[in-house]
Amino acid sequence: MLQPGEYIKDIFQMPVGTSVTARGWVKTKRDSKGISFIQLNDGSVFTDLQVVIDADVVPEETMQLVTTGSCISVEGDLVESPAKGQAVELKGKSVEVHGSADPATYPLQKKGASMEFLREIAHLRPRSNTFGAVFRLRHAASYAIHKFFQERGFIWVHTPVITASDAEGAGAMFGVTTLDLMNLPRTEDRGIDWTKDFFGKQAYLTVSGQLEGETFAEALSNIYTFGPTFRAENSNTPRHLAEFWMVEPEMAFCDLDDDRHLAEDFLKYIIAYVVDTRMDDLEFFNNRIDNTVLETLEHVANSDFEHITYTETIEILEKANRGWEFPVKWGVDLQSEHERYITEEVFKKPVVVTDYPKEIKAFYMRMNDDGKTVRAMDVLLPRIGEIIGGSQREERHDVLVEKIESMGLPLEAYWWYLELRKYGSVPHAGFGLGLERMIMYLTGMKNIRDVIPFPRTPGNAEF
RNA sequence: UCCUCAGUAGCUCAGUUGGUUAGAGCAUCUGACUGUUAAUCAGAGGGUCGUAGGUUCGAGUCCUACCUGAGGAGCCA
C-alpha cells in the first residue's frame with residue numbers, strides 16, 4: 001500500500017533529482033517518435049503526474065499495455081520539466097503494469113462523457129477528473145463537520161439505522177423484515193402479524209436520528225449524529241435520494257436563536273475549511289462545472305445570513321409584483337418558487353426563515369406564545385433551496401402531550417420521548433443538514449446523484 | 001406520482017416537407033512525427049436509428065403503447 005510520503009501529491013513536493021516510484025491509473029498516453037508521455041493519477045490530488053518515457057528505456061511490449069485506464073507503477077527520477085504545463089515530471093526508468101485495460105472496450109475516455117453516462121459506469125467514474133474532485137471535496141467537508149463539532153465539545157453519537165418508531169412522520173419509510181413475503185403470518189383480522197417478525201414489531205430504516213439524539217443531548221449536553229438516512233418517497237428530482245447522509249446536532253440549554261447562529265457558523269466553517277484545503281479541486285469546479293462557485297463561497301463566508309420570520313416572508317411574497325403558481329397566504333407552506341425568490345432575488349444570500357405556522361411543522365417543535373406558530377427554522381440557499389431544517393424542541397411535558405394527541409399520533413409510541421420531559425427536562429434545539437446538498441453547493445454539481453458514490457433512487461440500486 | 005423533453009457508432013451529437021447506399025468530431029486500429037499536455041497529420045474498421053406494433057409504394061423521420069434518461073412540480077435534507 002501507499003505510505004504517507006508516497007502519494008503523487010507528496011511526489012510533487014519533493015526536490016528535483018529525487019528517485020521515486022509513482023503508482024496509479026493512467027489517464028492518457030501520448031506517443032511521439034522516441035518519446036511517450038503518460039498522465040498518471042492516484043486520486044491524492046487533482047493534478048496528474050506527467051511521466052516521460054524515452055524510447056528503448058522500457059520494452060515495447062510493456063509500453064503497449066500502458067493504455068488509458070491501466071494501473072501501473074513507474075520508477076524513475078523527478079526532474080524539472082522542460083516544457084510548459086507542469087513544473088516537474090517523472091523521468092521513467094522502468095514500468096510495471098499491474099492491470100491492463102483493453103482500449104477497445106474501456107468506457108472512460110478522456111473527453112466528452114456526460115454526467116448521465118458516467119452515472120451508468122459508477123464503478124469507474126471516480127477515476128475521472130470531476131468525480132475525483134467531488135469525492136476529495138466530500139471527504140474534506142465531512143472531516144470539517146467532525147472538526148467543527150469537536151472543537152465545540154460536541155459528542156458524536158451513533159444513532160440506530162433500524163428503528164421501530166415512525167419517528168416524526170417525516171416521509172415514507174423503508175420496511176425492514178425477515179418475514180417470508182410469500183407466506184406472511186396473519187392476525188385474526190387478516191392483518192400482518194408483526195409479532196412474528198424479527199424485532200417483534202414493525203421495523204423501518206431511520207428517517208432521522210433526532211429523537212434518539214435528543215436523549216443524548218439531555219445527558220451529554222452537546223451532541224451530533226452523522227450517518228446514512230433513508231426516505232422511501234418516490235421523489236425523482238436532482239435534489240433527492242432514497243439514501244443520503246445527514247448531520248444532526250442537538251444542544252441542551254439552547255433556544256432557536258442559538259440554534260440559528262450555530263447553523264450559520266457551521267456552514268461558514270465548512271466553506272472555510274474546503275477553501276483552505278482543497279482550492280485545487282474548487283478551481284476545477286469553478287472552471288469546468290459552475291463559474292460562480294468561488295464567488296458564491298467567498299460571498300457566503302463574508303456575509304451575515306438574513307433572518308426573517310415566516311410571517312415577514314409571506315408579507316414580502318404578497319407584495320411581490322408577480323403571479324405565483326401557488327397562491328400565497330398566511331398558513332400555506334413555502335414553495336420552491338417562493339424560496340428561490342426570497343434567496344435569489346430579494347436578499348441574494350442565505351436566508352433563515354423562522355417561526356412557521358404550527359399546522360405545517362412537526363409535532364415536537366416548541367409552541368410560541370402566540371399559540372399559532374412554532375420555533376422552527378429553515379436555512380435556504382440560492383439554487384439549492386432548503387439545506388438545513390431545524391427547531392427548538394418542545395420541552396414542556398403537558399404541551400407536548402397535547403400536541404401529540406391533537407395531531408392524532410399514538411401517545412404510547414412516544415413514551416420514552418415524553419419521559420425526557422418528565423425527568424430533568426431543559427430547553428433544547430437542533431437541526432439537520434443534508435450532506436449531499438452541501439456538497440452540491442460547494443461544487444456547483446447540478447444533480448445530487450453525482451455527489452454520492454453510488455446513488456439510490458426510485459428504480460435504481462445498481463452497484 | 002404528475003407535466004414536458006429526449007433516446008441515431010464505444011462517447012458527444014447532426015440528419016431538411018417521409019424518398020436511393022446512414023453523417024461528423026472524439027475514441028479505437030494501422031502508419032507518420034524527438035517534448036506532448038483535449039498532441040498533430042494520413043488512412044481504416046465500427047450502426048437492429050431505445051423496444052414492440054401501426055400508417056404508407058416507401059419510416060431514423062408520422063401515429064400508439066411500453067422501457068430508459070433528463071428537466072420542472074409535489075414530498076423533503
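Order of the sequence lines fixes the chain letters, A, B, ..., with proteins taken first and strands second; residue numbering starts at 1 for each chain. This is a predicted model, so every value here is computed, not measured.
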Pairs under 3.5 angstrom, nitrogen or oxygen only, protein versus nucleotides 27-35 of chain B, please.
residue: B:rC33; atom: OP2; partner: A:K33; partner atom: NZ; Å: 3.4
residue: B:rU34; atom: O4'; partner: A:K33; partner atom: O; Å: 2.6
residue: B:rG35; atom: N1; partner: A:E89; partner atom: OE2; Å: 2.6
residue: B:rG35; atom: N2; partner: A:Q50; partner atom: NE2; Å: 3.4
residue: B:rG35; atom: N2; partner: A:S81; partner atom: OG; Å: 3.4
residue: B:rG35; atom: N2; partner: A:E89; partner atom: OE1; Å: 2.5
residue: B:rG35; atom: N2; partner: A:E89; partner atom: OE2; Å: 3.0

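No donor-acceptor distance shorter than 3.5 angstrom exists from the side chain of A:H139 to the backbone of A:F135, with no hydrogens or angles considered. Remark: side-chain polar atoms of A:Q392 are paired, donor with acceptor, to backbone N or O of A:L256 under 3.5 angstrom.
Base pairing annotation: B:rU17 forms no Watson-Crick or G-U wobble pair, as no partner gives both donor-acceptor distances under 3.5 Å. B:rG7 is paired with B:rC67 under the Watson-Crick or G-U wobble criterion, all donor-acceptor distances under 3.5 Å. Figure legend. B:rA73 is base-paired to B:rU1; pairs are counted as Watson-Crick or G-U wobble with both atom distances under 3.5 Å. With both pairing distances under 3.5 Å, B:rA44 is matched to B:rU28 as a Watson-Crick or G-U wobble pair. The partner of B:rC62, taking Watson-Crick or G-U wobble pairs whose two distances both stay under 3.5 Å, is B:rG54.
When the P atom is used for both B:rU61 and B:rA22, the distance is 15 Å, rounded to whole Å. The P atoms of B:rA38 and B:rA27 are separated by 12 Å, rounded to the nearest whole Å. Using atom C1' as the reference point in both B:rG18 and B:rU1, the two lie 37 Å apart (nearest Å).
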Worksheet item: Taking it one step at a time, do A:H240 and A:T457 satisfy side chain to side chain donor-acceptor pair (under 3.5 Å)?
Response: CA-CA 8 Å; A:H240 291 85; A:T457 53; over 6 Å; no
The contact string for nucleotides 67-73 of chain B, one letter per nucleotide 5' to 3', using protein heavy atoms under 4.0 Å with B, S and - for base, sugar-phosphate only and none, comes out as --SSSSB
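In summary, of the residues considered (A:R136, A:R288, A:R138), a salt bridge (charged side-chain N to carboxylate O under 4.0 Å, His left out) with A:D281 occurs for A:R136 alone. Among A:F149, A:F266, A:F216, the one residue that satisfies the ring pair (Phe, Tyr, Trp, His ring centres under 6.0 Å) test with A:Y224 is A:F149.
Every residue meeting the salt bridge (charged side-chain N to carboxylate O under 4.0 Å, His left out) condition with A:R119, not counting sequence neighbours, appears here in chain and number order: A:D450.
For the pair A:R127 and A:F131, the NZ or CZ position fails the cation-pi test of under 6.0 Å to the six-membered ring centre and within 45 degrees of the ring normal.
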